[in-house]
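Have a look at the structure below before the remarks.
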Amino acid sequence: MTKVSELVFAPEWDQPVRYIERTRNYYLGLGYGNPYVWAHYTEVPFSPLKKPLNQSVLALITTAVPYDAEKGDQGPGASYNAAAKFYKPYQCSIDKDADLRIAHVGIDRKNANMEDSHCWFPLGAAKQAKNTGRIASLSPHFYGLPTNRSQRHTLEIDAPMILEMLRADHVDVAVLIPNCPICHQSQSLLARFLEAEGISTVVMGAAKDIVEYCGVPRFLFSDFPLGNAAAKPHDPSSRQLNFELALRLLEAAPAPRTTMQSPLIWSADPSWKLDYSNLERLSKEELTRLREEAEQARITARELRMKSVGS
């Protein structure tokens, strides 16, 4: 009888990070009570493509923000910068140099790349899709969605503003790219809103549990660190592959809640998944420091929000 080889499994933690659980425990550990209630729906709107992609206008929607030197450090390795947050949707021309940063949101600063913007904003891949005829054209603008903890504000204020911009630019389909945990929820809520209004969407994200818990029509999941949902750094082939997978998902999803996982692997060592907001890896001294930083960031963000939207 042939001896059966011993089974060799992947490490237990080599699975999609449970960001809802991780962030809830993290903020409880910092001393905040009343855990955040994440958006969760049973029904998901679904708008099939109205015409082939090679006849469609495609838009990119990001939660990154245009760089403003007056708002402090936002470069590679920058710490969380609440002063750089934005609270109103914006649009910018795709023909101008787009210097978008992600220092204003809670990304994985230990593992995500903050230098190569292709990791969080696939404009180059989208332009190539246009040049090869994969899509008819790009919208003349890309659009910025605020990272808003208020689900009501996202649905009642931000989403209608984005929809108005898209309709003015005759957009048929939209690719939504979130960064932090709340970004993933905001973009999921927007995807649902746009689908109900007849615009087909796909979310390119890294927080699988948050997006699927909310419920979206189409989701391309990359098992990458938060902040790098679009591609691996300095890797053109990963940009093209992931964007093509997003386009295929737009075409082929048979029904809502269709998730496709990118085959790309971030690292042969999956231990990076243990780093983000993990209480088990923090000392009491670090927790005290992080609580103080969180409080200051909360105050800064609240003051900026008051100036921007008044509430």
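For clarity, every value in this text was computed on a predicted model and none was experimentally measured. FYI, the numbering just counts along the sequence from 1.
Figure legend: R291 and Y32 shown as a cation-pi pair, the cationic atom lying under 6.0 angstrom from the six-membered ring centre and within 45 degrees of its axis. A cation-pi arrangement is found for R192 relative to Y41, the charged atom lying closer than 6.0 Å to the ring centre and inside a 45° cone about the ring normal. Cation-pi check for R24 over Y36 is not met; the charged atom does not lie both under 6.0 angstrom from the ring centroid and within 45 degrees of its normal.
One N or O on the side chain of D73 and one on the backbone of G75 form a donor-acceptor pair closer than 3.5 Å. In this structure, the side chain of H104 does not engage the main chain of F86 through any donor-acceptor pair within 3.5 Å. Although no hydrogens or angles enter the test, the distance criterion places no donor-acceptor pair under 3.5 Å between the side chain of Q74 and the main chain of N81. A donor-acceptor distance shorter than 3.5 angstrom exists from the side chain of Q151 to the backbone of V37, with no hydrogens or angles considered. Between the side chain of E286 and the backbone N or O of S283, at least one donor-acceptor pair lies under 3.5 Å. For Q185 (side chain) and N148 (main-chain N/O), no donor-acceptor pair under 3.5 Å exists by modelled atom type. Judged by distance alone, with hydrogens and angles left aside, the side-chain atoms of H141 form no donor-acceptor pair with the main-chain N or O of C92 at under 3.5 Å.
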- Could you walk me through whether T259 and E212 pass side chain to side chain donor-acceptor pair (under 3.5 Å), step by step? CA-CA 8 Å; T259 296; E212 292 186 337; 2.7 Å; yes
- Item | Test side chain to side chain donor-acceptor pair (under 3.5 Å) applied to D269 and S267, step by step | CA-CA 5 Å; D269 179 3; S267 171; 5.6 Å; no
- Query: So R101 and D99, salt bridge (charged side-chain N to carboxylate O under 4.0 Å, His left out) or not? Walk me through it.
  - Reply: CA-CA 7 Å; R101 306 293 179 95; D99 185 2; 2.8 Å; yes
- Under the side chain to side chain contact (heavy atoms under 4.5 Å, CB included) criterion, do V171 and L58 qualify, and how do the steps go? CA-CA 6 Å; V171 168; L58 181 144; over 6 Å; no
- Could you go step by step and tell me if K208 and D223 meet the salt bridge (charged side-chain N to carboxylate O under 4.0 Å, His left out) rule? CA-CA 8 Å; K208 188 172 189 284; D223 201 3; over 6 Å; no
- Under the side chain to side chain contact (heavy atoms under 4.5 Å, CB included) rule, what do I61 and L166 come out as? Steps first, then yes or no, please. CA-CA 10 Å; I61 305 175; L166 299 183; 4.2 Å; yes
- With side chain to side chain contact (heavy atoms under 4.5 Å, CB included) as the test, would you mind laying out the steps for D169 and V57 before giving the verdict? CA-CA 9 Å; D169 287 340; V57 178; over 6 Å; no
- Apply the test side chain to side chain contact (heavy atoms under 4.5 Å, CB included) to residues I135 and N54: give CA-CA distance (whole Å), side-chain angles for both, the deciding distance (0.1 Å), then the verdict. CA-CA 4 Å; I135 58 175; N54 61 10; over 6 Å; no
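By the rule that hydrophobic residues join a cluster once side-chain heavy atoms approach within less than 4.5 Å of another member, Y67 and I177 end up as members of separate clusters. Connection of V173 to L176 is not established within any shared hydrophobic cluster, with ILVMFWY side chains joined at heavy-atom distances below 4.5 Å, either directly or through further cluster members. With hydrophobic clusters built from ILVMFWY side chains whose heavy atoms lie under 4.5 angstrom apart, V105 does not share a cluster with I20. In this structure, L249 is not a member of the same hydrophobic cluster as F46, with clusters built from ILVMFWY side-chain heavy atoms closer than 4.5 Å. V175 and F219 are members of different hydrophobic clusters when ILVMFWY side chains are connected at heavy-atom separations under 4.5 Å.
Y276 and Y19 have their aromatic ring centers within a separation under 6.0 angstrom.
Checked for salt-bridge contact, R18 and D209 miss the test: no charged N lies under 4.0 Å from a carboxylate O. With respect to the salt-bridge test (charged N to carboxylate O, under 4.0 angstrom), the residues D172 and K50 do not qualify. The pair R134-E244 meets the salt-bridge criterion, since a charged nitrogen lies less than 4.0 angstrom from a carboxylate oxygen. Classification of R239 and D116 as a salt-bridged pair holds, one side-chain N sitting under 4.0 Å from a carboxylate O.
Contact detail for A59 and Y143: the closest heavy-atom pair is CB-CE1, 3.6 Å. The minimum heavy-atom distance between A229 and S222, with the atom names listed, is O-OG, 3.6 Å. Nearest heavy-atom pair across G106 and L226 is O-CD1, 4.1 Å. Shown here for A84 and V65, the closest heavy-atom pair between the two residues is O-CG1, 3.8 Å. Summarising the geometry of I210 relative to H184, their closest heavy-atom pair is CG2-CB, 4.0 Å, with the distance given to 0.1 Å. Heavy atoms only, all atoms of each residue included: E12 and Q15 are closest at O-NE2, 2.8 Å.
Considering only heavy atoms from C-beta on, F121 comes within 4.5 Å of F142 through its side chain. Side chains of F221 and P16 form a contact here, defined as non-hydrogen atoms less than 4.5 Å apart. The shortest distance between side-chain heavy atoms of L279 and R22 does not fall below 4.5 Å. Here the side chains of R109 and M114 are in contact, with some heavy-atom distance below 4.5 Å. By the 4.5 Å heavy-atom criterion applied to side chains, C180 and T147 are counted as neighbours. With a 4.5 Å cut-off on side-chain heavy atoms, W266 and K232 count as touching. Put simply, the side chain of V216 does not reach to within 4.5 Å of the side chain of R257, judged on heavy atoms. Between N113 and F224, every side-chain heavy-atom pair lies at or beyond the 4.5 Å cut-off.
Note: Q128 CD to L123 CG = 12.0 Å, rounded to the nearest 0.5 Å. Of the inter-residue distances, the one linking D108 atom CG with N179 atom CG reads 12.0 Å to the nearest 0.5 angstrom. Rounding to the nearest 0.5 Å gives a distance of 9.5 Å between NE2 of H170 and OG of S139. Atom-to-atom distance recorded for W120:CH2 and C183:SG is 12.5 Å, nearest 0.5 angstrom. We find the CD-CG distance between E293 and L30 to be 10.0 Å, quoted to the nearest 0.5 Å. Between the CD1 atom in I94 and the CG atom in L138 there is a gap of 4.5 Å [rounded to 0.5 Å].
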Distance-only check: which donor-acceptor pairs under 3.5 Å involve side-chain atoms of residues 154-164, not counting sequence neighbours?
from, atom 1, to, atom 2, distance (Å)
T154, OG1, S150, O, 3.3
E156, OE2, R152, NH1, 3.1

Using atom types as modelled, flag every donor-acceptor pair under 3.5 Å from a side chain in residues 196-203 to any protein atom, sequence neighbours excluded.
from, atom 1, to, atom 2, distance (Å)
E197, OE1, R167, NH2, 2.9
S200, OG, S47, O, 2.6
S200, OG, P48, O, 3.4
T201, OG1, E195, OE2, 2.8

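In L28, the CG atom is crowded: over 12 heavy atoms of neighbouring residues, nucleotides or ligands sit closer than 6.0 Å. Taking a 6.0 Å sphere around OH of Y90, one finds it holds more than 12 heavy atoms contributed by other residues, nucleotides or ligands. In this structure, K71 places its NZ atom where more than 12 heavy-atom neighbours from other residues, nucleotides or ligands lie under 6.0 Å away.
A search for ring-ring contact (aromatic ring centres under 6.0 Å, His included) contacts involving F243 returns nothing, not counting sequence neighbours.
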